[in-house]
Amino acid sequence: MHPAQLLTAAWATWLLALVPSHLSAQVTKDSSRQTDSIMSSGDVSPFRRLELPTPNRIREGSGRPGPDYWQQRVDYAIRASLDTAARTVGGHERITYYNRSPDTLRYLWFQLDQNLFTKSSRGSLLFDQGSRFGTQGAEGGVTLSRVAVPATPARSGQPARPAASLRYLVNGTMMRVDLARPLSPGGRQLLELDWSFPFGPISNRMGVEDIDGSTVFEVAQWYPRLAVYDDVRGWNTEQYLGQGEFYLEYGNFDVSLTVPANMLVAATGTLRNAAEVLTATQRARLERARASDSTIVIRGKDEIDQPTSRPQSKTGTLTWRFTADSVRDFAWAAASHFVWDAARANGGGALAMSFYPPSAEPVWRQSTQFVRFAVESYSSWHPYPYPVAINVNGIEGGMEYPMIVFCHNRTDAPALFSVTDHEIGHSWFPMLVGNNERLYAWMDEGFNTFMNYYDWEKKFPGTYNRRANPNLYIPLALSGREDPIMTPADRIRGDLSVTAYTKPGLGLVLLRDRIVGRNRFDPAFREYIRRWAHKHPTPADFFRTIEDGVGEDLSWFWRSWFYTTERLDLAVDSVAVSDSGGVASRVFLRNAGGMPMPVELDLRFEDGTAQHLSLPVEIWFHGSDYVLAVSGPKRVVGATIDARNQFPDVRRENNSWLKSPTPSSAATGH
């Protein structure tokens, strides 16, 4: 039984000992008054109820979406072309925006993420130009040649309308488009945009890599995308500065990509014209892969230079068409020298695939099986929701998009597994559960790190696991440069990887394995995914859903672990022994760091016996000091907190107390 659960009959003899000695005489008569005090508005107890937004019919107090929950929808039809000589992408985009809000909208906000990649962008001035988040001296950005309402024919008594240009204002990586007519609740707005951008030297989440005598193009954040308009903040217009990721609306995509005929394309969604862009041999191999747990080569390394490995084209180009339903983004990659292999995942419910240049072998021959492993393992939380899962090897170190991820490592199989497992895990957070990554990076990176922790344990049991590793968190906690988990990614001054990944992941491992137990946590976590699939949850929705599922107020945990930089520092100060009325030992415990936590306590007695106690977090209800009274004929001569090293205690030198030897015993043997 976990310490935060109700005490069983076996604990009956300890019940009085669980009350601080100075309060034991009045615990019964004062219990109601103490409870009222804890809940009072002026209370500063770490156990006071967490102040969350007031529930309403949109977001309920249980953490569920309410009966009036709404969110916008955006459908995209995109035709784009890749110019490999100029290294540019140009496209035509037709957007259908559905206003499901109760508000009338007079303008729409778009994200133009490519505008980060200029020497004068805000993001370029924040980070080292040569770092991952730097722009490496790029001078690119989006060129808009058309923003308009398309022509509409006469229908249903409405007159025909000609195409009309719209006024727009670009603000860094955001663009406001003023509508010709207000968009009423329940209405929809059609828009068309023409645009282009150069790749340049960038390698931040996408980019170009020249390798093995050819080029890999990884294309993401590449088309003008609608910003999110939600019930919490209205328009979400945070600038894209490089570190913070994305917050996007769900919809359907119909994307046609024209590339040189010798290229293979990997993309979000289902390929709709395989007969036009693949050879008969490749189509047959794909069908075999759909029924195979073993990896099937679709195009091998030895076939790359064979003209028969690609369909012929009179124009020198081929157009690949992909569609995807109910996704929040679209990304793709193309290269003329991709090796391509595949296998089924989830018993055929999805197709796992890998695309990589020849020099990525032999490590990348394992990639598709790594993808399969991740898809099938994480489906225990919620079934994988997409038809394909693709891993692409290129310049980007590790980045996720719906149904496709980019991973750079090509030298170390365990490292490739780690990054693949992490990026595929993002299929659940934030691709399925669409949280706001710009503000709450931990809601996808931390949740994903939590899941990665267990996948590594399955794949490489007993080896070093960097996911949710307390040895990565503790040095930052002691450095004085730790930021609260709730800090937006672009504002983190300390360590992004620890703040947004390691610490929240570690917190969920603690919650699952040490505080509430897997039997309660797992159903609640699955319910959170189910409730908020294809929706936009906030931190409050997560906290409330977990509490609703486990049946417990966890305000003390959310506040200390997510909102503050309090440290876990539990101490055994001393042990006092009294011989009056039978031997009784008093163990003096202290919460030195401010963070409440259950206590795993080991006691040693003078006769050489030992006892392990699991003390619930409620022992800290009345302050940072707690006295455990141990009655019985045996004296306590030693006490240790967390002897099994299960909690991230930042200062272990105060975790133990051992009775000093008497002068006579100290001299024994000399």
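Numbering of residues begins at 1 and proceeds along the displayed sequence.
- Between F406 and Y401, the ring centre distance stays below 6.0 Å.
- When side chains are defined from C-beta on, V170 counts as touching N115, because their heavy atoms get closer than 4.5 Å.
- With rounding to the nearest 0.5 angstrom, the CD atom of E400 is 6.5 Å from the CG atom of D444.
- By the neighbour-count criterion of 12 heavy atoms within 6.0 Å, atom CG of D305 is sparsely surrounded, having that number or fewer from other residues, nucleotides or ligands.
- In this structure, Y223 and Y76 have perpendicular ring planes: the angle between them is above 60°, well past the 30° mark.
- You'll find the ring centres of W442 and Y501 outside the 6.0 Å limit.
- Using a 4.5 Å heavy-atom cutoff, the side chains of R79 and D254 are not in contact.
- In terms of the salt bridge (charged side-chain N to carboxylate O under 4.0 Å, His left out) criterion, residue partners of R290 (sequence neighbours excluded) are, by chain and number, E287.
- Scanning for side-chain contact (heavy atoms from CB on, under 4.5 Å) contacts around V419 gives C407, L416, E423, with sequence neighbours left out.
- A ring-centre distance under 6.0 Å is found for W222 and W332.
- Within a 6.0 Å radius of CZ in R526, more than 12 heavy atoms belonging to other residues, nucleotides or ligands are found.
- Shown here are the side-chain contact (heavy atoms from CB on, under 4.5 Å) partners of Q306, two or more places apart in sequence or in another chain: E303, T308.
- Without hydrogens or angle criteria, T268 side chain to P402 main chain gives a donor-acceptor distance under 3.5 Å.
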Per-pair distances, 0.1 Å, donor-acceptor, side chain in residues 381-389, under 3.5 Å, sequence neighbours excluded:
unit_1 : atom_1 : unit_2 : atom_2 : d
Y384   : OH     : V388   : O      : 2.6
Y386   : OH     : M431   : O      : 3.4

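- Judged by the 6.0 Å distance and 45° axis criteria, R176 is positioned over the aromatic ring of Y107.
- A donor-acceptor pair under 3.5 Å is formed between the side chain of R438 and the backbone N or O of E245.
- No donor-acceptor pair closer than 3.5 Å links the side chain of Q71 to the backbone N or O of R100.
- You'll find the ring centres of F322 and F253 outside the 6.0 Å limit.
- For F199 and F117, the distance between ring centers is not under 6.0 angstrom.
- Looking at M443 and E437, their side chains never come closer than 4.5 Å, going by heavy atoms from C-beta outward.
- For E445 (side chain) and A500 (main-chain N/O), no donor-acceptor pair under 3.5 Å exists by modelled atom type.
- Between F525 and F429, the ring planes lie tilted relative to each other; the angle falls in the 30° to 60° range.
- Between the E93 side chain and the L193 main chain, no donor and acceptor come within less than 3.5 Å of each other.
- R310 has its side chain within reach of Q282: a pair of non-hydrogen atoms, C-beta onward, lies under 4.5 Å apart.
- For D293, the side-chain contact (heavy atoms from CB on, under 4.5 Å) partners are R344, R372, not counting sequence neighbours.
- When each of Y247, W235, W70 is paired with D230, the side-chain hydrogen bond (donor to acceptor under 3.5 Å, both in side chains) condition holds for Y247 and for no other.
- Closest of all the heavy-atom pairs between A342 and M353 is CB-CG, 3.5 Å.
- Legend: residues meeting side-chain contact (heavy atoms from CB on, under 4.5 Å) with A77, ordered by chain and number and at least two apart, are R94.
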